[in-house]
**Q** 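Just dropping this structure here.
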Amino acid sequence: MGEKYLITSALAYTNGPLHLGHVRSTYIPADVMRRYLKMIGKEVIHVGGTDNHGVPITIIAEREGVSPEEIVNRYHREIKRDLDSLSIEFDSFGKTHSDIHIKTAQEFYLKLKENGYIYEKEIEQFYCPHCKKFLADRYVEGICPYCKGEARGDHCEVCGRHLEPTKLIEPYCVICKGTPEIRRTKHRFFKLSALAKELREYIKNSKMPDYVKNMAYRWIEELHDWDISRDMEWGVPLPDDSSQVMYVWLEAPIGYISFTKMLGDIWKDYWLKERGKDVNIWHFIGKDIVIHHSVFWPGMLIAHGEYNLPTSIISGGYLTLEKKKMSTSKRWVVWVKDFIRYFHPDYLRYFLMINAPLNKDCDFSFEEFQKRINTELIAIIGNFIHRTLVFTHRKFKRMVKVERERLKEEDLKLIERCEEIRERYHRHMMEFNFKEALMDIIHLAQEGNNYFQRMEPWNVKEEGRLEEILYTCGVTVKYIVYLLYPFMPNKCMEILDIMNEELDLELRGRELKKVKVVFKKVEDKEVERAKREILNIKDKKEESMITIEDFGKLDLRIGQILEAEEIPKSKKLLKLIVDIGDEKRQVVAGIKGHYTPEELIGKKVVVLCNIKPAKLCGVESQGMILAGGEETVALLVPDRDIPVGSKVR
RNA sequence: AGCGGGGUGGGGUAGCCAGGCCGAUCCCGCCGGGCUCAUAACCCGGAGAUCCGAAGUUCAAAUCUUCGCCCCGCUACCA
């Protein structure tokens with residue numbers, strides 16, 4: 001086959017590490033696909049990297065008082081570590097803040113210009129006189145002219161409307177909080193509107209999913225030209241005007257090409273139209289950036305003219321966390337690096353891929369994770385593998401291999417099923433239907449378990465027949481491990497190691513190593529702990545902290561006890577009359593037995609005066625006397641004489 | 001506000017584009033039985049769904065049309 005596959009994963013933005021949503025929508029699916037294609041002998045490369053330019057990064061850098069490079073390098077490392085920890089492999093992984101990318105992006109831009117797709121136009125833009133710069137994008141915040149809510153740049157956080165930034169009420173610069181003024185500046189525009197026809201034709205003939213096509217068609221109906229330059233320093237400088245940089249969304253997708261270039265000359269076999277004729281370019285992305293990949297990016301490629309266009313766009317749905325929307329600012333998020341401290345990365349890969357079809361939104365919950373791992377992966381798949389290996393090891397110490405001719409009809413039937421299921425699995429994989437592909441494996445394991453149960457090898461005395469049965473089971477195990485490998489590479493290699501086998505569909509009948517439990521059960525305790533520690537602990541601590549303002553709400557004063565008497569019906573209560581300076585209060589205190597009424601009279605104590613009045617044993621209490629201790633109870637009293645009514649702070 | 005996607009037994013999900021094969025799929029859960037090689041696992045059987053609501057098209061609708069309700073996402077200077 002001359003077919004080649006270029007898989008790209010959406011570039012990760014270097015403003016934070018990866019969370020479960022990122023890896024479920026994009027990186028795990030891309031890696032699963034790459035591993036599968038490679039396993040079946042296809043030529044495939046996986047290209048990815050980080051996206052380092054744009055306003056959010058400069059804002060973080062300015063707030064932290066460091067250079068944008070420092071932010072970018074920090075998160076680039078973290079992101080790569082997160083990906084490595086989940087066995088997500090790349091043939092090339094780059095940064096957009098790199099020479100090769102900047103050069104590639106500039107060449108791309110010049111080509112667009114040469115082809116007549118770039119023009120200049122003056123626009124109005126906020127300018128901060130204090131910071132002496134134009135306020136691109138989110139550098140300006142203010143009040144939404146529609147709903148009066150908080151708005152950032154062009155977008156209202158409250159009503160979600162898209163805004164004209166210059167229309168903001170009370171705009172301010174996010175750096176110096178000063179009021180910006182409107183100035184005119186010259187921006188470059190990309191003539192996207194001229195490409196409507198070509199884009200429609202391209203989309204029609206592409207293999208994108210229908211819903212992606214529909215979304216793209218609608219965009220094309222109202223295609224505006226695209227403002228592609230920014231008045232800032234952080235980014236890829238325009239090659240024809242170094243006072244401005246390219247808008248990130250123009251420059252970032254070019255990273256797919258730049259990072260392929262890092263592999264050397266073979267990049268041409270993938271990207272150049274004339275050389276790469278049978279290439280499938282698959283962009284794995286999250287569904288938030290479908291339009292960029294189905295309209296803007298193909299538009300750029302058409303305008304450039306020399307490169308291949310994407311074959312398909314595989315967009316993953318969003319992940320909610322325990323049924324609630326994830327939010328990094330509210331800390332309602334599970335970071336990859338936290339999760340893998342508790343559970344095997346392969347379990348996460350399995351769960352995220354089987355939990356729902358890729359293009360749908362779905363939920364991550366710790367209980368659901370545990371359930372699916374324990375009942376499907378372990379009870380069905382893992383158990384079939386394990387019972388086969390353990391039983392075979394006990395009887396023969398090695399995997400059994402017999403001639404196919406010896407097999408009975410029922411044996412051959414299971415082996416036929418292996419083949420049928422492999423084919424079905426292949427179709428599902430090539431349609432990016434990873435959930436169904438995993439279901440195919442479960443079904444095969446169930447048939448294996450069923451066979452095992454019906455054959456009752458533990459009752460079979462005749463060794464020849466036992467060999468046939470265990471050979472049949474062994475073959476089925478190999479199929480399962482093979483099909484499962486793209487999803488759970490580490491666990492599958494462990495099993496193959498025990499079996500002394502290779503990653504293929506042959507069964508060689510070699511010596512078995514000591515069998516151990518490869519798929520260990522996820523215990524309730526572990527789940528509870530992980531959930532508590534990942535989601536709550538920080539929040540709990542923070543929630544239970546109070547501020548000085550909270551404390552200020554307490555009206556604590558020095559009071560003097562004037563009268564004290566027992567409340568007859570109660571075991572612990574005394575009724576006190578306390579002078580708190582400007583008034584006298586009746587207070588019920590639970591100190592009977594610890595103090596006698598007589599010794600209390602005249603004492604100065606601390607009183608909480610603004611607690612809601614309550615009735616205790618039918619007696620109204622209009623305050624609270626502070627005391628400490630369990631067995632020995634002591635009242636809090638001032639250790640110097642201060643006036644009644646003094647505020648306690 | 002506009003646009004898009006979705007609402008199917010307790011949870012998840014298939015089927016809907018090309019209406020009858022759907023008295024609705026599969027995984028989990030639940031109930032009953034079996035087995036013991038296996039990580040209380042596995043095997044067999046069973047119960048459980050007004051297919052969001054209303055109206056319509058049709059000999060026939062989960063599937064098509066219209067209206068309503070609810071969830072989610074996107075809206076170009078949010079990666």
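Here is the naming used below: chain letters follow the sequence lines, and residue numbers restart at 1 for every chain.
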**Q** Regarding A/N383, tell me which of base, sugar-phosphate or nothing describes its non-hydrogen contacts under 4.0 Å with the strands shown.
**A** base

**Q** Ignoring backbone atoms, test whether A/K360 places a side-chain nitrogen or oxygen under 4.0 Å from the OP1 or OP2 oxygen of B/A14.
**A** yes

**Q** Taking atom types as modelled, is there a side-chain donor on A/Y27 or A/D82 under 3.5 Å from an acceptor on the other?
**A** no

**Q** A/W219 side chain N/O closer than 4.0 Å to the phosphate oxygens (OP1, OP2) of B/G4?
**A** no

**Q** Between B/U57 and B/G48, how far apart are the two C1' atoms, rounded to whole Å?
**A** 33 Å

**Q** Which base, if any, makes a Watson-Crick or G-U wobble pair with B/C3, both distances under 3.5 Å?
**A** B/G73

**Q** Which is true for A/N355 with a 4.0 Å heavy-atom rule: it touches a base, it touches only sugar-phosphate, or it touches nothing?
**A** sugar-phosphate

**Q** When you measure from the side-chain N and O atoms of A/K323 to the phosphate of B/G12, is any distance below 4.0 Å, counting only OP1 and OP2?
**A** yes

**Q** Is the count of non-hydrogen atoms from other residues, nucleotides or ligands lying under 6.0 Å from A/E233 atom CD greater than 12?
**A** no

**Q** With a 3.5 angstrom cut-off on both distances, give the Watson-Crick or G-U wobble partner of B/A24, or none if there isn't one.
**A** none

**Q** With a 3.5 Å cut-off and no angle check, do the side chains of A/T50 and A/N52 form a donor-acceptor pair?
**A** yes

**Q** Using a heavy-atom cut-off of 4.0 Å across all strands, would you classify A/K287 as base, sugar-phosphate, or nothing?
**A** sugar-phosphate

**Q** So for A/D227 and B/C77, does any side-chain atom that can act as donor or acceptor lie under 3.5 Å from a complementary atom in the base?
**A** yes

**Q** Counting Watson-Crick and G-U wobble pairs only, both distances under 3.5 Å, name the nucleotide matched with B/U13, or none.
**A** none

**Q** Return the value, rounded to whole Å, for the distance between atom CG of A/L321 and atom P of B/C72.
**A** 15 Å

**Q** Check the distance between B/C43's P and A/F384's CZ and give it to me in whole angstrom.
**A** 11 Å

**Q** Provide the distance between the two C1' atoms, one in B/U36 and one in B/C43, to the nearest whole Å.
**A** 11 Å

**Q** Could you tell me how far B/G45 sits from B/C28 if I compare only their P atoms? Round to whole Å.
**A** 14 Å

**Q** Under a 3.5 Å limit for both distances, which nucleotide forms a Watson-Crick or G-U wobble pair with B/C51, could you say?
**A** none

**Q** Please report, rounded to the nearest Å, how far the C1' atom of B/A76 is from the CZ atom of A/R230.
**A** 10 Å

**Q** Can you tell me, in whole Å, how much space there is between the P of B/G19 and that of B/C31?
**A** 42 Å

**Q** Under 4.0 Å between any heavy atoms, over every strand shown, what does A/I378 touch: base, sugar-phosphate, or nothing? Just pick one.
**A** base

**Q** Count the heavy atoms of every other residue, nucleotide or ligand shown that sit under 6.0 Å from NZ of A/K397, and state whether that count exceeds 12.
**A** yes

**Q** Using the C1' atom in both, what is the distance from B/U25 to B/U8, to the nearest Å?
**A** 11 Å

**Q** Do A/Y425 and A/L444 come close enough that some side-chain heavy atom pair is under 4.5 Å?
**A** no

**Q** Rounded to whole angstroms, how far apart are CD on A/E368 and P on B/C27?
**A** 16 Å

**Q** Please figure out whether A/A445 or A/F519 has its closest RNA chain B nucleotide nearer the 5' end.
**A** A/F519

**Q** Taking the side chain of A/M439 as its heavy atoms from C-beta onward, which of B/C37, B/C26, B/C72 lies nearest to it?
**A** B/C26

**Q** Provide the distance between the two C1' atoms, one in B/G73 and one in B/C26, to the nearest whole Å.
**A** 27 Å

**Q** Can you identify which nucleotide, out of B/C77, B/C72, B/C42, has its nearest atom closest to the A/Y247 side chain?
**A** B/C77

**Q** For A/T185 and A/Y127, what are the C-alpha separation, side-chain angles and deciding distance, and is it a side chain to side chain contact (heavy atoms under 4.5 Å, CB included)?
**A** CA-CA 10 Å; A/T185 172; A/Y127 178 86; over 6 Å; no

**Q** Is it the case that B/C37 (base atoms only) and A/Q453 (side chain only) share a donor and an acceptor within less than 3.5 Å, ignoring hydrogens and angles?
**A** yes

**Q** Is A/Q446 near enough to B/C26 that one of its side-chain N or O atoms lies under 4.0 angstrom from OP1 or OP2?
**A** no

**Q** Using a cut-off of 4.0 Å on non-hydrogen atoms, how would the nucleic acid contact of A/R454 be classed: base, sugar-phosphate, or nothing?
**A** nothing

**Q** Decide whether A/N450 and A/R454 meet the rule of one side-chain donor and one side-chain acceptor closer than 3.5 Å.
**A** yes

**Q** Find the distance A/I354:CD1 to B/U13:P and express it as a whole number of Å.
**A** 13 Å

**Q** Could you tell me the separation between the CG atom of A/L250 and the P atom of B/C77, rounded to a whole number of Å?
**A** 11 Å

**Q** Would you mind telling me which of B/A76, B/U39, B/C77 lies closest to the side-chain atoms of A/Q125?
**A** B/C77

**Q** OP1, OP2 of B/C44 versus side-chain N and O of A/N450: anything below 4.0 Å?
**A** yes

**Q** What is the nucleic acid contact for A/H292, judged by heavy atoms within less than 4.0 Å: base, sugar-phosphate only, or nothing?
**A** nothing

**Q** For atom C1', what is the distance between B/C27 and B/U13, given to the nearest Å?
**A** 8 Å

**Q** Would you please say whether a donor-acceptor pair under 3.5 Å links the side chains of A/E436 and A/N433?
**A** no

**Q** Within the structure, does a side-chain N or O atom of A/Y217 lie under 4.0 Å from either OP1 or OP2 of B/C3?
**A** no

**Q** Look through every strand shown and name the nucleotide pairing with B/G32 as Watson-Crick or G-U wobble, where both distances are under 3.5 Å.
**A** B/C44

**Q** Given the C1' atoms of B/G9 and B/U58, what is the spacing between them in whole Å?
**A** 28 Å

**Q** Between atom CD1 in A/I373 and atom C1' in B/C27, what is the gap in whole Å?
**A** 14 Å

**Q** Please work out which of the three classes, parallel, tilted or perpendicular, describes the rings of A/F432 and A/F434, given edges at 30° and 60°.
**A** perpendicular

**Q** Toward the 5' end of RNA chain B, which comes first, A/K520 or A/I442, by nearest nucleotide?
**A** A/I442

**Q** Identify which nucleotide among B/U13, B/C74, B/C72 has an atom closest to any side-chain atom of A/D288, counting heavy atoms from C-beta outward.
**A** B/C74

**Q** Looking across every strand, which nucleic acid part, if any, lies under 4.0 Å from A/H22 by heavy atom: base, sugar-phosphate, or nothing?
**A** base

**Q** Side chain of A/P357 only, heavy atoms from C-beta on: which candidate in B/G12, B/A14, B/A76 is closest?
**A** B/A14

**Q** Would you say the base of B/C37 stacks on A/W458 (centre-to-centre below 5.5 Å, plane angle below 30°)?
**A** yes

**Q** How close or far is atom P of B/U36 from atom CZ of A/R394, stated in whole angstroms?
**A** 14 Å

